[in-house]
Amino acid sequence: MGRTIAIRIVLGLLTLLGVSILIFAATEILPGDVATAVLGQGATPETVAVFRKELGLDQPAYLRYLQWLGGAIQGDFGVALTNKRDIVKTMSPKLFNTLFLAGYAALIAVPLAVGLGILAAIKEGKWVDKAANIISLAAISMPEFFLGYLFIFIFSVQLGWFPSLATVYNSMTIDKRIYVVAMPAVCLTLLVTAHMLRMTRSSVLSIMSQPYIEMAFLKGLSRARVIFVHALPNAAAPIITVVALNLAYLIVGVVVIESVFVYPGIGQFMVDGVSKRDLPVVQACGLVFAAAFVILNTVADVLSILVNPRLRKPR
């Protein structure tokens, strides 16, 4: 088991290395010249040349990648091109805001999705199951930006219950922050709950046809007891995987929601970096997103091994 877990961790690290190469290459092949874009069209060729040398753009791409990767490993992403501020110091509070929003949504979404998925499996074919399927399909079908603007229109413009902009700051109290961030958190909850609900339901129902489940029914156990005691532990691996994937999405996929609600998170920070062609900022945000996704997927793989006896003791 230890060897299997070690292999998964190594594969995660290799995946992150490959993603870092893709992120750097993707930003490098963007059309146009970074120095000209930052300085403006009115800059003289001499000024552009000096600025390119200052940024290290006169060096080969592979050298710049190795320098960037070495700094990233040490927690140094350099400085932003637009304001010369240290990227890590600027990004840290924004990353905290994103993690707060993702954690807020996860605290609502995970218990709700898993609970409703189990309930739908218990009440298979009944109105509870049908209602859960309809609501989950409707939530999956809605684009993020549409759901966000719909929430703003209903709960801010029409009802006035919540502010339309999720503006937070460091000195804000926790209760005030929870209130201000409620709408984007609920939007994210609706977006990820549907996937987790359907996977929980499907995983539990796929176990229900196993012989030992039929034997449990023959012993006179209720459907709820059979699901909780016998089916759910064996269906845990795919549920853990889909929960981890959606937790990763809560961190990686917040770009649209943060833009809609003008939330000062890392997603909004990345959008600003793209609009200003600030490549170090874009690269740093992309690598942070990739690291969050790879880490959560690796954790899901390890947990799936730990909860599955067949994976713990492979033949």
Side-chain angles (χ1 to χ4, degrees), residues 3 5-39 43 47-99 102 244 247-249 251-255 258 264-302:
R3 183 173 178 271
I5 292 175
I7 291 174
R8 299 296 176 91
I9 293 174
V10 171
L11 289 176
L13 293 174
L14 292 176
T15 301
L16 189 57
L17 177 63
V19 171
S20 71
I21 296 174
L22 292 176
I23 291 172
F24 189 85
T27 53
E28 285 294 312
I29 63 177
L30 290 175
D33 182 69
V34 177
T36 304
V38 174
L39 295 176
T47 306
V48 173
V50 171
F51 192 60
R52 285 179 58 84
K53 186 175 182 179
E54 180 184 340
L55 297 179
L57 297 176
D58 57 334
Q59 299 178 0
Y62 74 92
L63 286 179
R64 285 185 280 116
Y65 167 73
L66 291 176
Q67 293 172 358
W68 173 72
L69 181 63
I73 292 174
Q74 300 176 39
D76 180 16
F77 290 105
V79 296
L81 299 181
T82 52
N83 54 21
K84 299 298 181 181
R85 293 181 178 176
D86 185 87
I87 293 176
V88 173
K89 291 182 180 179
T90 306
M91 187 170 58
S92 296
K94 300 180 185 298
L95 179 59
F96 171 78
N97 291 338
T98 294
L99 293 177
L247 290 179
Y249 174 80
I251 299 174
V252 178
V254 295
V255 177
E258 287 186 357
I266 193 172
Q268 182 66 30
F269 186 48
M270 185 176 184
V271 171
D272 292 340
V274 172
S275 63
K276 297 175 182 176
R277 200 177 170 81
D278 200 331
L279 296 189
V281 170
V282 177
Q283 291 169 346
C285 293
L287 191 60
V288 169
F289 283 145
F293 196 87
V294 170
I295 289 172
L296 285 171
N297 274 276
T298 303
V299 170
D301 287 341
V302 172

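The minimum heavy-atom distance between I266 and E258, with the atom names listed, is N-OE1, 3.5 Å. Between Y65 and F24, the shortest heavy-atom contact is N-CZ, 3.5 Å. In plain terms, the two heavy atoms of D86 and V88 that are nearest each other are OD2-N, 3.1 Å. Shortest non-hydrogen contact noted between N97 and G265 is CB-CA, 4.3 Å. When every heavy atom of V19 is checked against every heavy atom of A290, the shortest pair comes out as CG1-CB, 3.3 Å. Among all heavy-atom pairs drawn from A72 and L287, the shortest one is CB-CD2, 3.8 Å.
Annotation: side chain of L69 is in contact with side chain of L17 (closest heavy-atom distance under 4.5 Å). In this structure the side chain of V281 never reaches within 4.5 angstrom of the side chain of M270, judged on heavy atoms. Contact check for F269 versus T90: side-chain heavy atoms found under the 4.5 Å cut-off.
Residue I87 holds its CD1 atom at 11.0 Å from OG of S92, rounded to the nearest 0.5 Å. One finds the OG1 atom of T15 at 6.5 Å from the CG atom of L11 (value rounded to the nearest 0.5 Å). In this structure, the separation between CG on L16 and CD1 on I21 is 10.5 Å, given to the nearest 0.5 Å.
If you run side-chain contact (heavy atoms from CB on, under 4.5 Å) between L247 and each of L296, N297, V299, only L296 comes through.
F289 meets the ring-ring contact (aromatic ring centres under 6.0 Å, His included) test with no other residue; sequence neighbours excluded.
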